[in-house]
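Following: one structure in structure tokens, then a few remarks.
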Amino acid sequence: MHVFRGLPHPLLRRPSAIAIGNFDGVHLGHQALLEYVKESALQRGLVPSVVTFEPHPKDFFGRGGEVARISTLYDKVHHLLKAGIERIYILPFNAQLACMKAEDFVTEILIEGLGACWMSVGEDFRFGGDRAGNIDMLRTLSKTLPFELFVAPTFFHKDARVSSTRIRQALAEGRLYDASLMLGRPYTMTGRVIHGAALGRRLGFPTLNLAPIPPGSHSYPAVKGVYAVRIHGLGDAIQNGVASIGLKPTVATNGRWLLETNVFDWQGDAYGRVISVEFVERLRSEKKFSGLDELKAAIQSDADQARRILGCAPTSI
């Protein structure tokens, strides 16, 4: 399994079956497509691969606020590899790629750069300068260029298409169960624990902090507010906790998104470790409080409520 930032060195290029897209969430529709990729690769002696983009194209064009990210990059890569994809190519979405002619993207990037012999995209996939490339263009090109085209079938849940858009909507409305049905797993957010301002520790609620959005991104997380959570990665046992994800309006003005998780009845040094936070139930929206005393009281109430939901006995400080 290999993850490439950009195109591989020519000596590392392999004839590949490639799925192309953003794959935000790696939901059940994506997973069904990845099965086609693996089967087609096996039948043709190709390497099952995925091409995705970072930052999100809407980030580059300054429209990132229109899209809430379901996955961290770590989560996306993890679930693509778990689905059996052997190579992931993360192409930097920059001015050069944004302005590239659609035909050149196919010939120079996909065929010459990545060795694509078989490729699949969704029905609404657009690419190239001015988004001129589409399914019809790919069908036409496949008649003269050395690649096969496969158009991904639509995957349904509750008589509606499974899509990243529907999952974002479910998460925004706090419908975590519905989101999990479309994802095929509980909704989690994974990343490396980073240093924060240590305010939670001073208030009696130390937190493990993750950055859910890359620095400089215009996007925002698909979830925000306060949640009862389970934490994976702090040893063999799954831990319980309460997490807040947002912009910390009471104590910060830097516009930085942060996922802060208070792990119940656990002590240790987790800086630098990779953990996964599983969102169980939404408790409330993010709120700006009058000061630290009101904030501390709200955190205590949130923690007690989360303990009841997760089957832990509430405690008071």
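Just so you know, these numbers use all the heavy atoms, side chains as well, and skip hydrogens, waters and symmetry mates.
Here the CD-CG distance, from Gln31 to Leu80, works out to 9.5 Å after rounding to the nearest 0.5 Å. From Ser219, atom OG reaches atom CD1 of Ile70 across 11.5 Å, with rounding to the nearest 0.5 Å. A distance of 8.5 Å separates CG in Leu141 from OG1 in Thr107, rounded to the nearest 0.5 Å. Going from atom OG of Ser180 over to atom CZ of Arg175 covers 11.0 Å, rounded to the nearest 0.5 Å. Distance check, rounded to the nearest 0.5 Å: CZ of Phe4 to OG of Ser49 gives 8.5 Å. Put simply, SG on Cys312 and CG on Asn240 are 4.0 Å apart, with the number rounded to the nearest 0.5 Å.
Put simply, the side chain of Thr261 never gets that close to the backbone of Ala243: no donor and acceptor are under 3.5 Å apart. No donor-acceptor pair closer than 3.5 Å links the side chain of Tyr220 to the backbone N or O of Ile213. Between the side chain of Arg168 and the backbone N or O of Ala68 there is at least one donor-acceptor pair closer than 3.5 Å. Without hydrogens or angle criteria, Thr72 side chain to Thr190 main chain gives a donor-acceptor distance under 3.5 Å. Remark: the backbone N or O of Val242 is not paired with any side-chain donor or acceptor of Asn262 at under 3.5 angstrom. Checked by atom type and distance alone, the side chain of Asp24 pairs as donor or acceptor with a backbone atom of Ser71 at under 3.5 Å. No side-chain donor-acceptor contact under 3.5 Å links Ser16 to the backbone of Leu46. Between the side chain of Asn209 and the backbone N or O of Ala211 there is no donor-acceptor pair closer than 3.5 Å.
Salt bridge Arg14/Glu86: absent, no basic N to carboxylate O contact under 4.0 Å.
For Ile135, the side chain to side chain contact (heavy atoms under 4.5 Å, CB included) test picks out Val121, Arg139, Val151, with sequence neighbours left out. Taking Glu54 as the reference, Arg5, Arg69, Leu73, Ile90, Pro214 meet the side chain to side chain contact (heavy atoms under 4.5 Å, CB included) condition, with sequence neighbours excluded. Among residues two or more places apart in sequence or in another chain, the side chain to side chain contact (heavy atoms under 4.5 Å, CB included) test is passed with Leu42 by none. Residues meeting the side chain to side chain contact (heavy atoms under 4.5 Å, CB included) test with Phe105, sequence neighbours left out: Phe53, Leu91, Leu97, Met100, Ile109, Leu110, Phe127.
Residues Leu183 and Leu259 fall within the same hydrophobic cluster, defined by Ile, Leu, Val, Met, Phe, Trp and Tyr side chains chained together at heavy-atom separations under 4.5 Å. Under a hydrophobic clustering in which Ile, Leu, Val, Met, Phe, Trp and Tyr are joined whenever their side-chain heavy atoms come within less than 4.5 Å, directly or via other members, Tyr89 and Leu138 fall into the same cluster. Connection of Val47 to Val77 is not established within any shared hydrophobic cluster, with ILVMFWY side chains joined at heavy-atom distances below 4.5 Å, either directly or through further cluster members.
Every pair passing salt bridge (Lys or Arg N to Asp or Glu O under 4.0 Å) that includes a residue from residues 220-246 is listed here, sequence neighbours excluded: Arg230-Glu278. The salt bridge (Lys or Arg N to Asp or Glu O under 4.0 Å) pairs that include a residue from residues 89-106 number zero, where partners must be two or more places apart or lie in different chains.
Within a 6.0 Å sphere centred on CZ of Phe147, heavy atoms belonging to other residues, nucleotides or ligands number more than 12. Taking a 6.0 Å sphere around CZ of Phe125, one finds it holds more than 12 heavy atoms contributed by other residues, nucleotides or ligands.
For His79 and Arg185, the side-chain atoms include at least one donor-acceptor pair closer than 3.5 Å.
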(request) Show your working on side-chain contact (heavy atoms from CB on, under 4.5 Å) between Thr140 and Met137 and close with a plain yes or no. (result) CA-CA 5 Å; Thr140 300; Met137 176 181 287; 5.7 Å; no
(request) For Leu34 and Phe23, run side-chain contact (heavy atoms from CB on, under 4.5 Å): C-alpha distance rounded to whole Å, both residues' side-chain angles, the deciding distance at 0.1 Å, then the answer. (result) CA-CA 10 Å; Leu34 298 175; Phe23 292 97; 4.2 Å; yes
